[in-house]
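See below for the structure under consideration.
These numbers come from a predicted model, not from an experiment.
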Amino acid sequence: LHMATKPLTLAEALSASPLINVLEVSATPATIDGAAPIAAAAAAAAPFTSSGSAGRAVFAKRDIAPGEVVFQEDAFVSLPFVDSQDHVCALCLAVATTEEPFSVKCKRCRKVHYCSTKCRDDDSKLHVQLCAAFSFAPTLCERLSLDENLVRMLALLFAVFNGTPQRATSSESFKATAVQCLELVSHTDKISDEVKADVLQCVKELAGLTGCKLVTKKVPDPIHLVGIIKANMHGDEDKLTMALFPGLSMVCHSCAPNTSYRFVNGAVVLRTVTPVAANAELTLTYLPELGMSTRRRRAALLRDRYFTCNCKRCLACQDKADPGESFLCSQKDCDGLVPVILENTSRGSKCVCSKCGHALPFEYYEELVDTHLGPRLEAVVTCPDATRAAVLAREVFTAIDRVRIHPHHEMIQVSAQLLLRASILGNDLALAAQVERMHLAALQATFPPNWPKLAQSHRALARLSGMQARTPPPAMPPPVWAKLKERLREASHKHAIDAAAIERVCFGQVQVAPEQEPASEDPAPAPAP
């Protein structure tokens, strides 16, 4: 692709080839996970609009089954997040397998870690331009109110655009990919004047540290670069690394995506998680968390990506109550929803059921949460005794049903993680299983059917059921225990099978094979999500 006499634009590259493999940016294409790329995409070149309607998109050229690789692409630039830089290699993005950070560091700034001396030596030509900038970034960010991850990525892009590729590649490939990155939408008109002033001051100071000039033929407008970073940067599922992939950026956002991506050795692999019909649009999510309410998701996208989401899931809750922030109607025999925005609803206003019209003052729901949920959750978090924390967690679990909060409320997913951890540490396996089943039901209503978090939940339930099958309750008659034990073993095996099926779709392989996780042989406790 990049050896063409006339460099192709990103849109031309996508639409010119019958195979999505044209998105491979390395000079020597490599297959990741042993899966062959498939025919999947066509594209148009117009940018996103702030209304959420996409002027460019990627479409399937044939029916695509769940789990197929849509494309693979090397990162143009990548960095570990500041909070994870001790445990992630700055060059190859390898993650430390223990809690100890990587021992190989930059000899000057001592901030950047590597998995080996080879990675440090390979990165030395580029990092020497960034060393002082990375050291100065925390102080600069405090003074200018800029995000440190943004400043570090901006410094990296300046160095790369000045002619130092982050990874070994041919000159033609590097130049073509750089041009494709500059084609990406930046939404500079949405960036406030205050942020623009801070960015220009930041670049002015970074230029003196890194040797980059403020404006050259090689380095584009810094405001445009910041817009590209904010609108197109992607993070991995574990929130450890961020990277810029020009091809991945062409795939539009949806809060109910039909693809998911995974970082593999400095590259990204995009897979379908649902069946995609020919000519249907391929979508992914730009959000780190899909369990938020519609209002929160839209606010996050508008704040961070400068557009309002109008996907089917968001539009479905536009004219009706959103389960993500609703309570169940208190009237008998009514299954309606009562939308309650706890932090924004003004006192004295009425919260009305969407079905029967029954209204209660906002203070009623505020008191329910403040009395039954808030203090108890805080007590679970702060309790130093594990056994007592498990007792408090059971009280919270009971209170969730008492306050009639919707089972798919965003608060359920947050609460479930706290309760699960407390119940496991307190050795209350029955409560842990109940909490995880509640959590799984909320995830299934929120996420696509094949999603990594669903596999994690199934895996946790498989382990919890296995642990329960090895721990007979006191004073239970042997015949009753024998039947319960068999049901627990069956449940453990079923959840392990379900987890394996989802993992095959999301990752192309099973993370833990079902036969490796029998109820009688798994001694490890289930970790909290």
Side-chain angles (χ1 to χ4, degrees), residues 75-91 93 105-106 108-114 123-166 178 181-182 184-188 190-216 218-236 239-245 249 286 288 300 303-306:
F76 179 62
V77 291
S78 61
L79 275 180
F81 283 108
V82 173
D83 294 338
S84 59
Q85 63 180 348
D86 294 351
H87 294 78
V88 180
C89 178
L91 183 64
L93 305 183
K105 306 178 184 178
C106 168
R108 291 176 296 273
C109 70
R110 310 293 294 175
K111 287 182 173 293
V112 177
H113 293 241
Y114 299 93
D123 193 41
S124 60
K125 183 179 179 181
L126 176 64
H127 182 66
V128 71
Q129 304 178 54
L130 304 171
C131 197
F134 283 11
S135 299
F136 186 57
T139 304
L140 186 63
C141 291
E142 288 182 7
R143 181 155 45 84
L144 297 178
S145 300
L146 293 174
D147 180 63
E148 187 175 350
N149 291 306
L150 173 66
V151 171
R152 287 160 62 100
M153 184 57 71
L154 183 61
L156 174 60
L157 281 175
F158 269 111
V160 169
F161 277 114
N162 266 301
T164 310
Q166 189 175 30
C181 286
L182 294 178
L184 297 175
V185 64
S186 62
H187 294 300
T188 53
K190 306 295 191 304
I191 301 177
S192 66
D193 293 337
E194 292 80 3
V195 172
K196 289 180 179 179
D198 285 346
V199 168
L200 291 176
Q201 179 62 28
C202 171
V203 170
K204 185 177 181 179
E205 299 191 28
L206 287 179
L209 295 170
T210 63
C212 299
K213 296 180 180 179
L214 184 61
V215 177
T216 70
K218 294 180 180 179
V219 180
D221 174 18
I223 304 299
H224 180 60
L225 272 188
V226 168
I228 288 175
I229 294 172
K230 290 181 68 66
N232 299 280
M233 198 64 63
H234 288 86
D236 67 338
K239 302 176 183 177
L240 299 176
T241 58
M242 54 181 173
L244 180 61
F245 301 96
S249 298
Y286 297 168
R303 180 188 66 245
D304 299 333
R305 301 278 184 161
Y306 304 117

Can you pull out every salt bridge (Lys or Arg N to Asp or Glu O under 4.0 Å) where at least one residue sits in residues 144-154? Sequence neighbours excluded, please.
none
Could you tell me the separation between the [atom1] atom of [X] and the [atom2] atom of [Y], rounded to the nearest 0.5 Å?
X      : Y      : atom1 : atom2 : result
Ile229 : Ser186 : CD1   : OG    : 11.0 Å
Phe161 : Leu182 : CZ    : CG    : 4.0 Å
Thr241 : Gln85  : OG1   : CD    : 13.0 Å
Lys230 : Met153 : NZ    : CE    : 13.0 Å
Tyr306 : Ile191 : OH    : CD1   : 4.5 Å
Leu225 : Leu184 : CG    : CG    : 11.0 Å

Which residues satisfy the side-chain contact (heavy atoms from CB on, under 4.5 Å) test with [X], sequence neighbours excluded?
X      : result
Val160 : Phe76, Val77, Leu126, Leu156, Phe174
Ser84  : Pro80, Phe81, Val88, Leu240
Lys239 : Pro288
His113 : Asp86, Pro101, Phe102, Lys105

List the residues meeting side chain to side chain donor-acceptor pair (under 3.5 Å) with Asp123, not counting sequence neighbours, and say none if there are none.
Tyr114
Tell me, please, which residues at least two apart from Thr164 pass side chain to side chain donor-acceptor pair (under 3.5 Å).
Gln129
Between the main-chain N or O of Asn232 and the side-chain N or O of His234, is there a donor-acceptor pair closer than 3.5 Å?
yes
Test of understanding: with ring pair (Phe, Tyr, Trp, His ring centres under 6.0 Å), list the residues that count as partners of His127, not counting sequence neighbours.
Phe134
Quick one: closest heavy-atom pair of [X] and [Y], and the distance?
X      : Y      : result
Ala90  : Val112 : CB-CG1, 3.1 Å
Met233 : Leu244 : SD-N, 3.5 Å
Ala243 : Phe245 : CB-CE1, 3.4 Å

Show, in sequence, the C-alpha distance, side-chain angles and deciding distance for Leu146 and Leu154, and conclude whether the side-chain contact (heavy atoms from CB on, under 4.5 Å) test is met.
CA-CA 11 Å; Leu146 293 174; Leu154 183 61; over 6 Å; no
How about Phe158 and Val203: do any of their side-chain heavy atoms sit closer than 4.5 Å?
yes
Show me the donor-acceptor pairs within less than 3.5 Å that the side chains of residues 137-145 make with the rest of the protein, sequence neighbours left out.
| residue | atom | partner | partner atom | Å |
| --- | --- | --- | --- | --- |
| Arg143 | NH1 | Glu205 | OE2 | 3.0 |
| Arg143 | NH2 | Glu205 | OE1 | 3.0 |

